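Some notes on the structure that comes next.
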Amino acid sequence: DGGITQSPKYLFRKEGQNVTLSCEQNLNHDAMYWYRQDPGQGLRLIYYSQIVNDFQKGDIAEGYSVSREKKESFPLTVTSAQKNPTAFYLCASSIGRDYSNQPQHFGDGTRLSIL
Amino acid sequence: SQQGEEDPQALSIQEGENATMNCSYKTSINNLQWYRQNSGRGLVHLILIRSNEREKHSGRLRVTLDTSKKSSSLLITASRAADTASYFCATDPYTGRRALTFGSGTRLQVQP
């Protein structure tokens with residue numbers, strides 16, 4: 001079955017630590033996205049990538065970093081500079097060539113908490 | 001800032017009733033999409049309506065779009081307990097950013 005896999009499902013971060021959230025897709029999609037969702041809130045865009053080796057900042061990129069070395073993978077690193085990282089993180093992908101005309105497919109998220 | 005804002009923020013109805021959720025947005029768009037999110041899960045795409053369309057149906061879902069009022073509505077008919085979820089609209093504002101902007105969502109509770 002094609003889809004998006006996010007891991008781990010739960011993650012805990014210690015003070016001053018960087019943590020990396022994994023996102024892998026086997027849908028052959030060009031575009032991938034990272035969103036942050038706080039309790040009872042909508043999605044805010046962190047980073048997105050339309051093609052391998054290229055990515056763009058979203059609305060709340062500070063304290064986060066990404067890489068896109070392979071089409072299938074778009075890992076997100078939450079750095080120690082992100083002072084309030086506790087949230088639900090969602091990864092998504094879409095075909096990409098016409099981003100507004102295509103649905104986004106989502107993983108089941110990673111819940112990050114501070115120890 | 002959020003392009004789309006859903007109304008109401010929360011809605012509780014009885015099974016069998018219809019549920020209507022509204023989405024307002026600020027700038028011109030090409031398309032508007034609706035998504036559903038079950039608690040603790042990712043979003044699932046429901047329906048896409050283009051700016052030159054006024055109404056679209058998919059099963060028990062009916063979506064309308066009024067570009068003059070910059071608003072859309074999602075109607076779920078004959079609701080079921082399994083429809084309990086949060087519903088989000090997403091737009092593609094003309095900002096040069098090639099990514100959707102999601103609203104804050106409507107939390108729907110369908111009582112059995």
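In the text below, chain A, chain B and the rest are named by the order of the sequence lines, each starting its count at 1. Because the structure is predicted, anything quoted here is derived from the model rather than measured.
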Kindly list each side-chain donor-acceptor pair under 3.5 angstrom involving residues 75-82 of chain A, sequence neighbours excluded, with atom names and distances?
| from | atom 1 | to | atom 2 | distance (Å) |
| --- | --- | --- | --- | --- |
| Thr77(A) | OG1 | Thr20(A) | OG1 | 3.0 |
| Thr79(A) | OG1 | Gly63(A) | O | 3.0 |
| Thr79(A) | OG1 | Ala81(A) | N | 3.2 |
| Gln82(A) | OE1 | Asn84(A) | N | 3.0 |
| Gln82(A) | NE2 | Glu62(A) | O | 3.2 |

Query raised in the report: With distance as the sole test, does Tyr35(B) use its side chain to make a donor-acceptor pair with the main-chain N or O of Gln104(A) at under 3.5 Å?
Result: yes
Query raised in the report: What part of Gln56(A) gets closer than 4.5 Å to chain B, counting heavy atoms only: side chain, backbone, both or neither?
Result: neither
Query raised in the report: Can you get from Phe74(A) to Val52(A) by hopping between Ile, Leu, Val, Met, Phe, Trp and Tyr side chains that sit under 4.5 Å apart?
Result: no
Query raised in the report: So, for Ala99(B) and Tyr33(A), which heavy atoms are closest and what is the spacing to 0.1 Å?
Result: CB-CE2, 4.1 Å
Query raised in the report: CD1 of Ile114(A): more than 12 outside heavy atoms within 6.0 angstrom?
Result: yes
Query raised in the report: In Å, rounded to the nearest 0.5 Å, how long is the span from CD of Gln37(A) to CZ of Phe88(B)?
Result: 5.0 Å
Query - Ser104(B) OG to Leu43(A) CG distance, which is reported to the nearest 0.5 Å - result: 11.0 Å
Report task. Name all residues meeting the ring pair (Phe, Tyr, Trp, His ring centres under 6.0 Å) criterion together with Phe88(A); count only those two or more places apart in sequence or in a different chain, and write none if there are none. Result -> none
Query raised in the report: Around Glu15(A), counting heavy atoms of other residues, nucleotides and ligands shown, do more than 12 lie under 6.0 Å from its CD?
Result: no
Report task. Step through the shown structure and confirm whether more than 12 heavy atoms of other residues, nucleotides or ligands are within 6.0 Å of CZ on Arg54(B). Result -> yes
Query - Gln109(B) CD: over 12 foreign heavy atoms closer than 6.0 Å - result: yes
Query raised in the report: Using non-hydrogen atoms and a limit below 4.5 Å, what part of residues 37-46 of chain B faces chain A?
Result: Gln37(B), Gly40(B), Arg41(B), Gly42(B), Leu43(B), His45(B)
Query - Qualifying residues under salt bridge (Lys or Arg N to Asp or Glu O under 4.0 Å), relative to Lys71(A), sequence neighbours excluded - result: Asp30(A)
Query - Interatomic spacing from CG in Leu100(B) to OH in Tyr48(A) - rounded to 0.5 Å - result: 11.0 Å
Requested in this report: Answer yes if Leu45(A) and Phe55(A) sit in the same cluster of Ile, Leu, Val, Met, Phe, Trp and Tyr residues linked by side chain heavy atoms under 4.5 Å apart, and no otherwise.
Outcome: no
